[in-house]
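Notes follow the structure.
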Amino acid sequence: MEGGRARFSLHVAAAAAALVVVIGAEARAVYNNGQAEGLTFWAPNINVFRDPRWGRGQETPGEDPTMTGKYAAVFVRGVQGYGLAGAVNSTDLEASACCKHFTAYDLENWHGITRYVFDAKVTAQDLEDTYNPPFKSCVEDGHASGIMCSYNRVNGVPTCADYNLLSKTARQSWGFYGYITSDCDAVSIIHDAQGYAKTAEDAVADVLKAGMDVNCGGYVQDHGASALQQGKITEQDIDRALHNLFTVRMRLGLFNGDPRRNRYGNIGPDQVCTQEHQDLALEAAQDGIVLLKNDGGALPLSKSGVASLAVIGFNANNATRLLGNYFGPPCVTVTPLQVLQGYVKDTSFVAGCNSGACNVTTIPEAVQAASSADYVVLFMGLDQDQEREEVDRLDLTLPGQQQTLIQSVANAAKKPVVLVLLCGGPVDVSFAKTNPKIGAILWAGYPGEAGGIAIAQVLFGEHNPGGRLPVTWYPQDFTRVPMTDMRMRADPHTGYPGRTYRFYRGPTVFNFGYGLSYSKYSHRFVTKPPPMSNVAGLKALETTAGGMATYDVEAIGTEMCDRLKFPAVVRVQNHGPMDGKHPVLVFLRWPNATDGSGRPARQLIGFQSLHLRAMQTAHVEFEVSPCKHFSRATEDGRKVIDQGSHFVMVGEDEFEMSFMA
């Protein structure tokens, strides 16, 4: 089964952790009830959301490797029944998770360049600190039982035919224990589309000898026998693949007779769509909503103060659009319009556009509805015709006549309007950000079955929004950057601006990690460890490159790295006026990120959410590991720690750590 995530904000982590446990349980329940043929789920999608135009970015957690890696590990552990922490029972799987698409895959079809033929030119530096870390975390921390190799090539080699990637990196270096599958028909394209293999039999040999175990499609089945007869593969190659496949099936208990008598046999259909599970779906939807603008206290609305409401927009009355792509049947379906009609009796509705393309409009009717109502809420954004698998965007602005519709409605409304955006990828809404007649902007992603309820609760102050953006929102001008350019780091000599908040040097519409709340919060560190100077044994590991003293993390070793760890405790206060759940984001920054070393401007090193009552104060502790968090990737892919200052940041507060022998 192939699966995906609709969207993810930096705030939804806690609910997501509980949700993936539910996913594993409901998967086993459906299987136990005879309604599923297997228990292998081809999710999560953990490719870094590198380019804002990517059609499948909606399936991913976002652009940050640390966050994506954490999500990967939690997703896998929950689905596979391991629990979110502690020891792993590798012999029993509740269901099997598969981390995809390994690696550097984030292009569908851009100006005719398709994922089937794209050759991603990726540096060792970018592989080490951006593209591969989520997969490493998926294996080492999540203990995934499946990996999917991608369609694209990386530096000329199809990923499914790359021995260094599948066998040396995943299995030998990371300790992967499970099966490796191709993406569907990815073996055939190695010969048919890419021309990498000279014959069909060569393609079969390339992937099996690289370490792939199963072909999604019939290509290996069709050409495997002739490859064996021609001596291009051996029985040992086939046996190894079968061993990996059947081991996972055995770990799932598929050969243990009646599934109802096995370890997970007590999970039945009564555990599907329970009220507890539906409540979790609502919590995830609430936590994922990001308040991007709220001028003059436009939100929250008051139930008693809204006599009439105009709901306008093609995304207001379609429950399927809430789900994004790769979704199962929801437990309940309710649209934002239907929910809002329960809040305000006098609610009118005009779609305004025919779809996300917005090439057929009813702007006069929308203007009339807006001018007649006390308040106006617009539901705009994108849909699956604009962004999905095999479809990338060419522009970052709202499609068609959406901007004209929004501005016309805002000009006609009695009060500043509220704009709700349903979309997976970011959009350039600079016009709305600066327009005083648009009082508030909400981004809801594709929030799932309970999204309509969650949005209404935020609009009317029954939930205090706290989500943070998991991706940078770029201006339309960013589309001048070729989507095929895989470089993460900016190049000032050519004007290349870089990618993601870690390396991008250019204007933004909204920054990674941005998000407003109905409450005010403050943060400060209450523990500031002393400088790390005169560390025993470190001097002998010091090397100098480009006039800079560095320490190789591999040479430092696990034992010393563990000794260098320290706690950072943050005091967080909710200054009111509302209770709320609040994400605390801790970053590292370097004082000279543009010195040619390739260091990010800043890097997320930890995030936690906590619920605080109005005026409540709490402390949250983060473990800081210099070997993990202070290190950077060199051009040849090594991890090193630079001698000198490193700054740990939370909100407006920071402290300096001096690292030296």
Side-chain angles (χ1 to χ4, degrees), residues 1-3 17-44 46 69-100 102 134-149 166-182 208 211-214 216 236-269 271-272:
M1 301 179 186
E2 184 139 17
L19 273 172
V20 291
V21 173
V22 167
I23 291 170
E26 291 200 351
R28 179 62 74 158
V30 172
Y31 176 79
N32 287 348
N33 201 47
Q35 293 177 275
E37 295 183 1
L39 286 162
T40 51
F41 285 78
W42 287 353
I46 56 169
K70 179 68 174 177
Y71 167 87
V74 169
F75 189 107
V76 168
R77 292 182 69 105
V79 167
Q80 295 189 168
Y82 291 159
L84 302 181
V88 168
N89 178 1
S90 62
T91 60
D92 289 305
L93 295 171
E94 186 173 36
S96 172
C98 175
C99 289
K100 64 183 186 182
F102 192 40
F135 292 94
K136 183 178 182 182
S137 179
C138 174
V139 172
E140 293 186 343
D141 302 326
H143 302 275
S145 54
I147 289 176
M148 177 186 287
C149 49
L166 304 187
S167 293
K168 289 187 68 175
T169 300
R171 291 199 185 276
Q172 297 172 22
S173 179
W174 299 342
F176 174 63
Y177 175 50
Y179 75 97
I180 298 176
T181 179
S182 75
L208 287 177
M212 194 200 77
D213 301 307
V214 61
C216 174
Q236 287 74 23
D237 295 324
I238 299 170
D239 289 345
R240 185 220 70 236
L242 290 172
H243 178 273
N244 291 333
L245 289 172
F246 277 86
T247 297
V248 170
R249 296 187 69 187
M250 290 175 181
R251 291 165 65 190
L252 287 165
L254 301 187
F255 300 101
N256 295 349
D258 187 341
R260 292 170 296 184
R261 300 182 182 274
N262 295 333
R263 176 181 176 185
Y264 298 107
N266 63 335
I267 303 175
Q271 295 190 43
V272 177

Inter-residue atom distance [X].[atom1] - [Y].[atom2], 0.5 Å rounding:
X      : Y      : atom1 : atom2 : value
Lys100 : Phe41  : NZ    : CZ    : 12.0 Å
Trp42  : Ser96  : CH2   : OG    : 10.5 Å
Leu166 : Ile180 : CG    : CD1   : 4.5 Å
Tyr264 : Asn32  : OH    : CG    : 11.5 Å
Cys138 : Phe75  : SG    : CZ    : 10.0 Å
Met250 : Leu252 : CE    : CG    : 11.5 Å

query = Looking at side-chain heavy atoms only, is the closest gap between Asn244 and Arg171 below 4.5 Å?
reply = yes

query = Hey, does Val76 have a side-chain heavy atom less than 4.5 Å from the side chain of His143?
reply = no

Residues which pass side-chain hydrogen bond (donor to acceptor under 3.5 Å, both in side chains) with [X], listed by chain and number, not counting sequence neighbours:
X      : answer
Asn256 : none
Arg249 : none
Asn262 : none
Tyr82  : Gln80, Arg251

Residue pair [X] / [Y]: nearest heavy atoms and the distance that separates them:
X      : Y      : value
Gln35  : Asn33  : OE1-ND2, 2.9 Å
Val79  : Ala97  : CG1-CB, 4.2 Å
Val248 : Ser145 : CG2-O, 3.8 Å
Cys98  : Tyr179 : CB-OH, 4.1 Å
Ala27  : Leu39  : O-CD2, 3.7 Å
Gly211 : Ser167 : CA-OG, 3.6 Å

Listed partners of [X] passing side-chain contact (heavy atoms from CB on, under 4.5 Å), at least two apart:
X      : value
Ala170 : Phe102, Ile147, Trp174, Phe176
Ser182 : Cys149, Cys160, Ala186, Val187, Met212, Asn215, Cys216
Ala25  : Glu94

ask   = For the side chain of Arg77 and the backbone of Gly83, is there at least one donor-acceptor N/O pair under 3.5 Å apart?
value =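 The answer is yes, because a donor-acceptor pair under 3.5 Å joins these two groups.
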
task = Could you check Thr40, Thr181, Leu242 and say which one makes a side chain to side chain contact (heavy atoms under 4.5 Å, CB included) with Val214?
result =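 Checked Thr40, Thr181, Leu242 against Val214; only one passes side chain to side chain contact (heavy atoms under 4.5 Å, CB included): Thr181.
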
note = In short, salt bridge (Lys or Arg N to Asp or Glu O under 4.0 Å) pairs touching residues 17-27 with sequence neighbours left out are none

query = Got a sec, which residues hit salt bridge (charged side-chain N to carboxylate O under 4.0 Å, His left out) with Asp141, two or more places apart in sequence or on another chain?
reply =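 Salt bridge (charged side-chain N to carboxylate O under 4.0 Å, His left out) check on Asp141 returns nothing, list empty.
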
